[in-house]
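This structure is a prediction, so every number in the text was calculated from the model and none was measured.
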Amino acid sequence: MRTATLGPAQRAESLAGMAERELDILVVGGGVVGAGTALDAVTRGLSTGIVEARDWASGTSSRSSKLIHGGLRYLEMLDFALVREALKERGLLLERLAPHLVRPVPFLYPLQHKGWERLYAGSGVALYDAMSMAREHGRGLPLHRHLTRRQALRVAPCLKKDALVGALQYYDAQVDDARFVTALVRTAVSYGAKAANRARVTGFLREGERVVGARVRDVEGGGEYEVRAQQVVNATGVWTDDTQAMVGERGQFHVRASKGIHLVVPRDRIHSTTGLILRTEKSVLFVIPWGRHWIVGTTDTDWDLDKAHPAASSADIDYLLERVNSVLAVPLGRDDVQGVYAGLRPLLAGESDATSKLSREHTVAHPAPGLVVVAGGKYTTYRVMAKDAVDEAVHGLDLRVADCVTEEIPLYGAEGYPALWNARARIAAEHGLHVVRVEHLLRRYGSAAREVLALITENPTLGAPLQGADDYLRAEVVHAASHEGARHLDDVLTRRTRISIETFDRGTRSAREAAELMAPVLGWDKDQIEREVEHYEKRVEAERESQRQPDDLTADAARLGAPDIVPS
């Protein structure tokens, strides 16, 4: 297995290296599209750098519905090309690129009308399966099936008997979106890319009309770097317009932000062996299995406030509870909500004033010589977006460049994963862990779980669970800082793990122990540990307060009550 460590030393070396020699490609933005673009570029043999102003996947790419799907509802819109493309990508991820991170998940679609609805919805799901099989990348998923009401209630006893007359069950896939981005970045680095998070682009370098690089500020260390590149790719999602403003080029399209919120509830609050997909008056509502939890979402509303910290209001939470409770025999209450998170979708504007009807397709443009912009799209098709962005950038390079090969490049942790999964009982015995613990590690890290296990071998105390978050081992916190680029406590509790949404205290009980585990890796003194813990507690309280507010404006004001962490 190739190695790639996103530790403090690697970050410093990457920043210095990017400033020393002109790159072929500099990617701005560390979400799934930016990370995918860096991987695409470096695996074509191009010298590549990627910078992210905050943490990897700290924006939209850690706050999605965690689904890898073809977009069943886009069939209803007759957008066959988008569905076909997404189904191919779903199959690649399941079978070849990231089988350790992407896995099948069943969904039940309750039917509320006899006769015509089963024929109508059943035809759509049958076409969905057929399109998947036709691309030869869907053979690992079971085909859909028709259920009577009795059969549906057997697999989903949580449903009211009068909420359905029958059902359809089909399969899609899910992913831990933030961990997937970390794997993408690590994969790119393993092939030679230079990567630095907490490195903010403050402006672009220009020679006449041409963009020739970017000014990058090290948010942690305070240094300034001039990073020169033959082509710069702007992959900043909902920040696209802001980034474009730095070169005085808005470009041919405008990106609007649509807010989607999700609730996380314990698994025992909804008695079902399958996920649910429900129609709403605006879109669809998912109830998604998530380990020992369910994710309920999402909303789709316009957002023009703070992009870094979108806030969920009390009205948002009530909306989701009302919609899901319309079909649940035992309704959910506010006290059942363990976690809440809000994210922003980058939608291409210009088609409709309603954000639910704005384009989910992506666009690539070359608004100025040396600058490529990629925006829009959906998580599942990140690889296609990255390919299109690099293809466009290649037009501005004065050299012959190989075609995209990422369809054949497994992500970090995929290589050897099936063999390790088969050996999980032996691995558990060798390390004195329960086999369930090893399964947890393999599902989160794939073959890179050996890095976590090596830390436990070196220091057996790291094999104990983290206080207040029994699902996670202490070693995972250390690994996040030493191998996965985590720079702050918030990075670990919110993105490298999901403790911030999977515990009723939102991670506050785990905060101090996690900060003390990170401290030796990142060189923190006692004062910085205190700052990290205090910041995290204030962030949690600000989020709780925002979720008590009646609307977006007051929720945004409450969330901004906790400023971003200030490095030592």
Side-chain angles (χ1 to χ4, degrees), residues 4 25 27 29-46 48 50 56-57 60-62 64-71 74 81-103 131-132 135-138 140 172-191 193 195 233-237 345-346 360-364 372-394 401-415 446:
I25 303 284
V27 182
V32 70
V33 176
T37 301
L39 177 59
D40 188 294
V42 75
T43 53
R44 296 195 200 198
L46 300 171
T48 304
I50 177 171
W56 305 119
T60 304
S61 294
S62 62
S64 74
S65 297
K66 326 256 182 271
L67 291 177
I68 298 293
H69 63 122
Y74 299 128
L82 179 61
V83 175
R84 188 181 300 113
E85 180 180 80
L87 285 172
K88 176 189 175 183
E89 295 304 312
R90 185 192 71 176
L92 282 170
L93 289 164
L94 277 165
E95 297 169 15
R96 183 186 303 165
L97 304 185
H100 58 308
L101 294 173
V102 180
R103 55 189 58 91
M131 291 174 70
S132 174
R135 301 301 295 184
E136 298 184 354
H137 286 296
D172 256 322
Q174 70 176 166
V175 66
D176 185 325
D177 47 10
R179 293 207 58 77
F180 187 89
V181 174
T182 299
L184 271 174
V185 176
R186 294 193 73 186
T187 309
V189 169
S190 77
Y191 284 102
V233 178
N234 174 8
T236 52
R345 305 177 191 88
R360 258 63 169 184
E361 296 190 36
H362 69 274
T363 294
V364 176
V372 171
V373 182
V374 55
K378 52 206 274 329
Y379 199 104
T380 303
T381 55
Y382 82 90
R383 196 190 63 82
V384 179
M385 296 176 66
K387 174 186 178 297
D388 290 349
V390 178
D391 282 346
E392 184 67 28
V394 163
V401 178
D403 292 336
C404 172
V405 296
T406 53
E407 193 171 316
E408 307 293 333
I409 304 294
L411 297 197
Y412 199 86
E415 187 179 341

Euclidean distance, [Y] [atom2] relative to [X] [atom1], rounded to 0.5 Å:
X: Tyr382; Y: Thr406; atom1: OH; atom2: OG1; result: 6.5 Å
X: Leu101; Y: Leu94; atom1: CG; atom2: CG; result: 11.0 Å
X: His100; Y: Phe180; atom1: NE2; atom2: CZ; result: 8.5 Å
X: Met385; Y: Thr363; atom1: CE; atom2: OG1; result: 8.5 Å
X: Leu184; Y: Asp40; atom1: CG; atom2: CG; result: 11.0 Å
X: Lys387; Y: Leu39; atom1: NZ; atom2: CG; result: 14.0 Å

Residue pair [X] / [Y]: nearest heavy atoms and the distance that separates them:
X: Ala389; Y: Val233; result: CB-CG1, 4.2 Å
X: Gly30; Y: Ile50; result: CA-CD1, 4.3 Å
X: Ala414; Y: Pro99; result: CB-CD, 4.0 Å

Task: Qualifying residue, where the test is side-chain contact (heavy atoms from CB on, under 4.5 Å) with Arg383 and the options are Val33, Val32, Leu97 - done: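 Running side-chain contact (heavy atoms from CB on, under 4.5 Å) over Val33, Val32, Leu97 with Arg383 returns exactly one hit, Leu97.
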Indicate yes or no for a side-chain donor-acceptor contact from [X] to the backbone of [Y] under 3.5 Å, with no hydrogens or angles considered.
X: Thr187; Y: Tyr412; value: yes
X: Ser62; Y: Ala57; value: yes
X: Thr48; Y: Leu46; value: yes
X: Arg90; Y: Ile68; value: no
X: Arg96; Y: Leu93; value: no
X: Thr380; Y: Ala86; value: no

Open item on the list: Any heavy-atom pair between the side chains of Glu392 and Val374 that's under 4.5 Å?
Closed with: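 Heavy-atom side-chain distance check fails, nothing below 4.5 Å.
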Task: Student check: side-chain heavy atoms of Val384 and Lys88 closer than 4.5 Å - done: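 No, every pair of side-chain atoms sits at 4.5 Å or beyond.
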Open item on the list: Any salt bridge linking Lys378 with Glu85? Criterion: basic side-chain nitrogen under 4.0 Å from a carboxylate oxygen.
Closed with: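 So Lys378 does not pair with Glu85 through a salt bridge.
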Task: By salt bridge (charged side-chain N to carboxylate O under 4.0 Å, His left out) - contacts of Asp388 (at least two apart) - done: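 Partners of Asp388 by the salt bridge (charged side-chain N to carboxylate O under 4.0 Å, His left out) criterion come out as none, since no residue qualifies.
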- [ ] Among Asp172, Asp176, Asp177, find the one that has a salt bridge (Lys or Arg N to Asp or Glu O under 4.0 Å) with Lys66.
- [x]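 With Lys66 as partner, salt bridge (Lys or Arg N to Asp or Glu O under 4.0 Å) holds for just one option, Asp177.
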